[in-house]
Amino acid sequence: METTEHGPMNLDREPRPPESRGGGPGDSEHEFSAIKKPKTIEQMLRREKREEAKEEDRPALRQHHENEVPPEDRIPPRMDEWMDKLRERIGLEFNFDVQVRQMTFGDRETALLFISSLTKDPSLTEIVKRLTFLEPQSLSHDALESFFTYYLPAVQVRKSQSMSEMINDVMMGNSAFYVDGEDTVLLIDAKQYPNRNPEEPALEKVVRGSRDGFVETLLVNVALIRRRLRDPKLRFEILKVGTRTQTDVAIGYIEDIADRKLVESVRDKIQAVNIDGIPLADKQLEEMTVKTGWNPFPLVRYSERPDVVAAHLLDGSVTVIVDTSPSIMLLPTTYFDLIQHAEENRQSPTIGTYLRWVRFFGMLASVFLLPLWFLYAQNPQLRPEWLWFIGVNEKGDLPLILQFILVELGLDLLRLASVHTPAPLVTAMSLISAILIGDIAVQTGLFVNEVILYMAVAAVGMFATPSYELGFANRIVRLVLLVATFLFNAEGFVVGSTVIFVWLALMRSFNAPFMWPLVPFNANALIGVIFRRPIPRSKFRPSINRSRDNSKQPV
C-alpha cells in the first residue's frame, strides 16, 4: 500500500462510479448517495428476506415438531385435560412433592408444574413475582411466544410439545410452565439437587495436592474438571440410562485428542444398555457395558480426584460420569494404570520412583509371599540355602492351609466389622480385635506365629494397592495360588501363576490390552511405568489410547 500526504492509498480498491466523481460542492450529497445506496438496498433486502423466512419457518417448524411427536403424546391445549394426564402419569395429588401452582397472568390461565424436593424455591418465586406485573394488554395473540420471548425471567428455557419429554424433565428437577389453550409448554431449568461440599477422597489421599474430590452431583463434578481443563475442545455428551431411573450419564473427552473410535464405542455401549434403572450408578453401568462377568479384575479405573481425571483426559482417555456417584470411570485402563497414585506425581522424580517401587514390592508381596512361604514350608528340599529362616518352628493344631484360609476370612471379617462400626469406635475395635484374637489364637495353638506375620505383611501390601478393586482381585489370586500350591506343590504354583498371567494378557479393556506395555511389549512405555519421569521428558501421550494428537509438548 502506497502513502500520500493525505494518508494511505489503497491501489486494490475498486474505482468509484463515474457519476460520483464530481468535484463541486453540490455533488457531495450525490456522491455519498451513489456509494452507499447499493449497500443499503442490499442490507434491506437481506433483512426483509430474513423476516420473511422467520414468518414462513415458524409454522413450518411448528408443523415439523408436531409431526415428530405422536398424537397420543402431545400436550393437550385444555387445562383440565392436562391436569388429568398429570394425575394419571405422575400421581398428581398423590405425591406430596409433585406440585402445580395455578395463576392468572395477563388474563391468561397458567400452571407451573414442579417437584418441590428438587427445585430452587427462590428462582420460581422470582419468576412468579415478575409475572404478576403483567397487564392483560401485555400479551399478544401468541401468549406462549410472548412469555418465552419477553416475560419469563429465566436463563435456560426451551419449548416442548411432548408430554413424555415434559414429565422426564420435571422428574429430573426442571419446571414446566403451561398456558391454557396452548399445546406447548416451557421447560425451565430451576433444579437444585441435594449435595455435599467437595471433600478429599478417602481412597486417594495425598500429602501434597488438592483436597477437593467428586460429589454425587454430575454438574458439580463437571465443574471440577472444567476448572482444571479450560480447553474449548473439552466435550461432555449427556445420555440417559434406565427406563425408570432416567439416570444422567456424561461422556467426557477432548475432541482433538481422544480417539474417535473409542468415543463412538463408549457411546454405543451406553446407548445399547436396556435396563429399568441403575440406582447403584457407575458399578451397574460398568457391568452392563464392559460385561466382565465373573472376572475379579477391574477393566475400568475409578477415580474420585478431579486432577487425576484431568490428567487422563489430556492423555487421550475417555471418562464416564454417572449422576449420584462420587467416582468417575476412566476408559480404557490397563493393569499398570490401576497401580499408579497421584502422590508419586506430587513428589520429585527420585522420591516418586522410590514410592512407586515400594508400592510395587507391597503388591507383589500381597500376591506371592504367602504361596511361596507355604511352598518352602511344605517342601524344605526346594528352599535355597540363603532362605534358611523360612519354615515353621512349631506346628499348630490345624494344617497350614487351613490356618491361612481362616486368617484370610478373619481379616475380611475385621474389615467388614470396621465398616459397620461407628466411627469413634473403629480404631479401638480394630486394634483390640487384631491383637487379642491373634495373640490368643497363637497361644492356644490354633495358629503359628509365621502365619500371622506373613499374613500381616500380605494385608499391608493389599492396602497399599491404589485401586480398591484391584486389591481384592489380588486377594482372590493369592487364595487360588495357595490352594494350587497345597494340591500340586511347585507345579501347582508355577502352572497357576502362568495361567493367571496368560489370562491377564488376553484381557482387553475397550479393545486395549490389559497388560500393556508388558504385553504387547513397549520398552519406552514400560520404563515410564517403572520410573517416574520428569515432566520435561514426558513428551508423548500413551500409545495405547491411540490419541489423534500424540504430542504433549508441541514444538
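Counting begins at 1 with the first residue of the sequence. Excluded from the calculations below are hydrogen atoms, water molecules and symmetry mates; all remaining heavy atoms, backbone and side chain alike, are included.
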If I take atom CG from residue Asn379 and atom CG from residue Asn489, how far apart are they, to the nearest 0.5 angstrom?
4.5 Å

With rounding to the nearest 0.5 Å, note down the distance linking NE2 in His341 to CZ in Arg346.
11.0 Å

With rounding to the nearest 0.5 angstrom, report the CZ to CD distance, Arg532 to Glu344.
9.0 Å

Does one side chain, of Tyr302 or Glu286, offer a donor that lies under 3.5 Å from an acceptor on the other?
yes

Mind checking the CD-CD spacing from Gln340 to Glu343? Nearest 0.5 Å is all I need.
14.0 Å

Run the side chain to side chain contact (heavy atoms under 4.5 Å, CB included) test on Phe486 and Phe404 for me, step by step, so that the C-alpha distance in whole Å, both residues' side-chain angles and the decisive distance to 0.1 Å come before the verdict.
CA-CA 11 Å; Phe486 168 72; Phe404 279 123; over 6 Å; no

Would you call the rings of Trp357 and Phe531 parallel, tilted or perpendicular, where under 30° means parallel and over 60° means perpendicular?
perpendicular

Quick check: are there more than 12 heavy atoms from other residues, nucleotides or ligands sitting under 6.0 Å from CG of Asn197?
no

Under 3.5 Å, which donor-acceptor pairs do the side chains of residues 265-279 form with other protein atoms, sequence neighbours left out?
from	atom 1	to	atom 2	distance (Å)
Arg267	NE	Glu237	OE1	2.8
Arg267	NH2	Glu237	OE1	3.2
Arg267	NH2	Glu237	OE2	2.8

Would Ser327 and Glu304 count as a side-chain hydrogen bond (donor to acceptor under 3.5 Å, both in side chains) here? Give the steps.
CA-CA 5 Å; Ser327 57; Glu304 298 180 8; 5.2 Å; no

Compare all side-chain heavy atoms of Gln246 with those of Met171 and state whether any distance is below 4.5 angstrom.
no

Less than 3.5 Å apart, any donor N or O on the side chain of Ser325 or Asp282 sitting next to an acceptor on the other?
yes

Distance-only check: which donor-acceptor pairs under 3.5 Å involve side-chain atoms of residues 509-521, not counting sequence neighbours?
from	atom 1	to	atom 2	distance (Å)
Ser509	OG	Leu299	O	2.6
Ser509	OG	Thr333	N	3.4
Asn511	OD1	Arg508	NE	3.3

Decide yes or no for Met462 and Asn474: does some side-chain heavy atom of the first lie under 4.5 Å from some side-chain heavy atom of the second?
no

Answer whether the closest heavy-atom distance between the side chains of Phe236 and Arg226 falls below 4.5 Å.
yes

Determine whether Asp259 and Arg548 satisfy the following criterion, salt bridge (Lys or Arg N to Asp or Glu O under 4.0 Å), listing intermediate values before the conclusion.
CA-CA 6 Å; Asp259 181 22; Arg548 301 171 59 190; over 6 Å; no

Tell me if the CZ atom of Arg260 is crowded by more than 12 foreign heavy atoms within 6.0 Å.
no

I want to check something: taking the side chain as every heavy atom from C-beta on, are Lys539 and Gln553 in contact at a cut-off of under 4.5 Å?
yes

Does a side-chain heavy-atom distance below 4.5 Å link Arg383 with Leu375?
no

Ring geometry between Phe493 and Phe368 (parallel below 30°, tilted from 30 to 60°, perpendicular above 60°)
perpendicular

Working to the nearest 0.5 Å, report the span between CD1 of Ile167 and CG of Asn174.
13.5 Å

Pairwise side-chain contact, Thr324 with Tyr193, heavy-atom cut-off 4.5 Å (strictly under):
no

To the closest 0.5 Å, what do you measure between CG (Asp212) and CZ (Arg227)?
6.5 Å

Pairwise side-chain contact, Arg301 with Ser467, heavy-atom cut-off 4.5 Å (strictly under)
no

Can you see which heavy atom on Leu224 is nearest to which on Gly213, and at what distance?
CD1-O, 3.5 Å

Heavy atoms, side chains only, cut-off 4.5 Å: are Pro326 and Arg196 in contact?
yes

Between Asp323 and Thr247, a side-chain donor and acceptor under 3.5 Å:
no

